[in-house]
Amino acid sequence: MIYARIAGTGSYLPGDPVTNDDLVARGIDTSNDWIVSRSGIHSRHLAAADVGASDLAKLAAERALDAAGCEADDIDLIIVATSTPDFIFPSTAALVQSKLGIRNGGAAFDVQAVCSGFVYALSVAEKFIRSGSHTRALVIGAEVFSRILDWSDRSTCVLFGDGAGAVVLEASTSPGIRMSALHADGSHHPILCVPGGVASGQVIGDPFLRMDGQAVFKFAVKVLGDVAHEVLERAGESAQSVDWLIPHQANIRIIQATAKRLGLPMDKVVTTLDHHGNTSAASIPLALDEAVRSGQIRPGHRLILEGVGGGFTWGAALVDF
Ligand code: UT7
């Protein structure tokens with residue numbers, strides 16, 4: 001039986017932290033108190049104008065390759081989860097392959113599932129590996145959400161940040177990714193979207209992120225609890241067997257409510273939201289890598305990774321690290 005295991009993690013955050021007070025100093029009509037009390041965010045990182053998602057992804061990938069002890073050319077599959085690609089095409093994954101100097105003809109493509117993107121990408125990569133078609137994948141979440149923020153909309157612009165996280169996922173004789181579940185309900189697309197596109201050399205529609213925060217909040221709390229229970233039940237495991245919950249980092253109150261529904265104390269929950277903000281598809285692998293490097297997550301630990309985002313999409317993975 002072939003399984004897929006995480007062999008190494010890496011991440012990258014651009015520039016210095018930008019605090020809530022820095023945003024106020026830049027003229028945004030907000031306050032540190034409001035942002036902290038409503039979301040739990042204290043600071044985020046914002047990429048320079050000439051830095052794209054593929055640049056962040058490449059740097060995170062190099063760190064994951066180092067941690068896994070393998071060479072770029074050992075990778076035969078690259079999946080990048082992103083909603084802020086460098087270009088309409090080629091895919092960010094193809095650009096990352098080129099930037100890493102990989103010339104082995106392996107597969108490379110992007111997954112677009114917004115904040116659930118990393119869980120989607122991990123689940124897809126796992127299926128490629130378990131099928132035997134590929135042996136070692138780079139699964140990356142990379143975002144420059146600052147590019148799609150309307151900086152005059154204080155209800156959204158203070159919540160997001162830029163960054164990238166990556167894992168090397170490889171074939172193994174022992175599991176790894178124990179179970180995953182992916183869901184979508186496109187009927188909810190208006191509550192979180194960037195309702196614009198490009199045609200005839202022009203932006204058609206609205207190129208900025210629009211969110212009904214309260215509707216998203218309620219939806220997120222419900223589906224994150226449900227999908228975590230679903231992967232545990234389908235794997236025949238209980239929440240008590242979980243060492244770490246690594247949820248999408250959007251709002252500390254959503255994270256606390258999800259942990260409560262699972263019966264997990266907050267000291268079993270990885271939270272990086274306070275200093276990363278919401279980095280969409282990058283948030284889960286960024287949190288994973290930080291917790292691995294700090295020694296919180298150790299080999300043998302059981303993890304639940306779970307995300308929810310625009311679409312609406314949501315999903316979870318039960319992982320033995
Ligand atoms: O990754 C995708 C998933 N996204 C999420 O999970 C986000 C989910 N939603 C949330 O996290 C929360 O709904 C928010 C943090 C977005 C908002 O928190 P809230 O408690 O739902 O606040 P609200 O939208 O009800 O806004 C309350 C007040 C309003 O003022 P009035 O009308 O009550 O006077 C807003 O105008 O807060 C005001 N407000 C702000 N004030 C200062 C909105 N944004 C700001 C701001 N600074 N940045």
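Start at 1 and go down the list; that is how both ligands and their atoms are numbered.
In terms of protein heavy atoms, atom 26 (O) of ligand 1 is closest to R38 NH1, 3.8 Å. Protein heavy atom closest to atom 18 (O) of ligand 1, with residue, atom name and distance, is R253 NH2, 3.7 Å. Protein heavy atom closest to atom 4 (N) of ligand 1, with residue, atom name and distance, is V216 CG1, 3.5 Å. Atom 30 (O) of ligand 1 has its closest protein heavy atom at R154 NH2, 4.6 Å. Counting protein heavy atoms only, atom 25 (O) of ligand 1 is closest to Q214 NE2, 2.5 Å. At the shortest separation from atom 37 (O) of ligand 1 among protein heavy atoms lies W34 NE1, 3.0 Å. The nearest protein atom to atom 47 (N) of ligand 1, hydrogens excluded, is given as T30 OG1, 2.7 Å; this is a heavy-atom distance. Among protein heavy atoms, the minimum distance from atom 9 (N) of ligand 1 is reached at G213 O, 3.0 Å.
Under 4.0 Å from ligand 1, not a single heavy atom of V114 appears. Under 4.0 Å from ligand 1, the heavy atoms of N278 that appear belong solely to its side chain. Residue-level proximity to ligand 1 for I35 is absent, since no heavy atom of it falls below 4.0 angstrom. Contacts of A220 with ligand 1, taken as heavy-atom pairs under 4.0 Å, are absent altogether.
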| request: Check the pair V158, I41 against side-chain contact (heavy atoms from CB on, under 4.5 Å), reporting the backbone distance first and the verdict last. | output: CA-CA 9 Å; V158 302; I41 298 166; over 6 Å; no
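In summary, the atoms of ligand 1 found under 4.0 Å from a heavy atom of V158, numbered by their order in the structure, are 48 (N). For ligand 1, the atoms lying closer than 4.0 Å to a non-hydrogen atom of N251 are 10 (C), 11 (O), 12 (C), 15 (C). Against a heavy-atom cut-off of under 4.0 Å, L159 is close to the following atoms of ligand 1: 16 (C). Interface atoms of ligand 1 facing L192, defined by a heavy-atom separation under 4.0 Å, are 2 (C).
Distances from atom 34 (O) of ligand 1 to the protein include no heavy-atom value under 4.0 Å. Distance remark: protein heavy atom present below 4.0 angstrom from atom 23 (P) of ligand 1.
Here the side chain of R136 pairs no donor or acceptor atom with the backbone of E170 at under 3.5 angstrom. Between the side chain of Q249 and the main chain of S283, no donor-acceptor pair closer than 3.5 Å is present. Not a single donor-acceptor pair under 3.5 Å links the side chain of D289 to the backbone N or O of L286. Although no hydrogens or angles enter the test, the distance criterion places no donor-acceptor pair under 3.5 Å between the side chain of R298 and the main chain of F321. With R302 contributing its side chain and V319 its backbone, the two residues share no donor-acceptor pair below 3.5 Å.
When the side-chain hydrogen bond (donor to acceptor under 3.5 Å, both in side chains) test is applied to N251, no partner is found at least two apart in sequence or on another chain.
Residues R210 and T156 have side chains that never bring a donor and an acceptor to within less than 3.5 angstrom of each other. Side-chain contact annotation: D21 with T19, donor-acceptor N/O pair under 3.5 Å absent. There is no side-chain donor-acceptor pair under 3.5 Å between D110 and T82. Residues K127 and S131 bring no donor and acceptor atom of their side chains to less than 3.5 Å of each other.
Assignment of T156 to the shell around ligand 1 is not supported, since no heavy atom sits closer than 4.0 Å.
The distance from atom CZ of R44 to atom CG of L159, rounded to the nearest 0.5 Å, is 8.0 Å.
A ring-centre distance under 6.0 Å is found for W314 and F219.
Looking at A250 next to ligand 1, no N or O pair under 3.5 Å apart turns up. Polar contact with ligand 1: present for H248 (N/O pair, distance under 3.5 Å).
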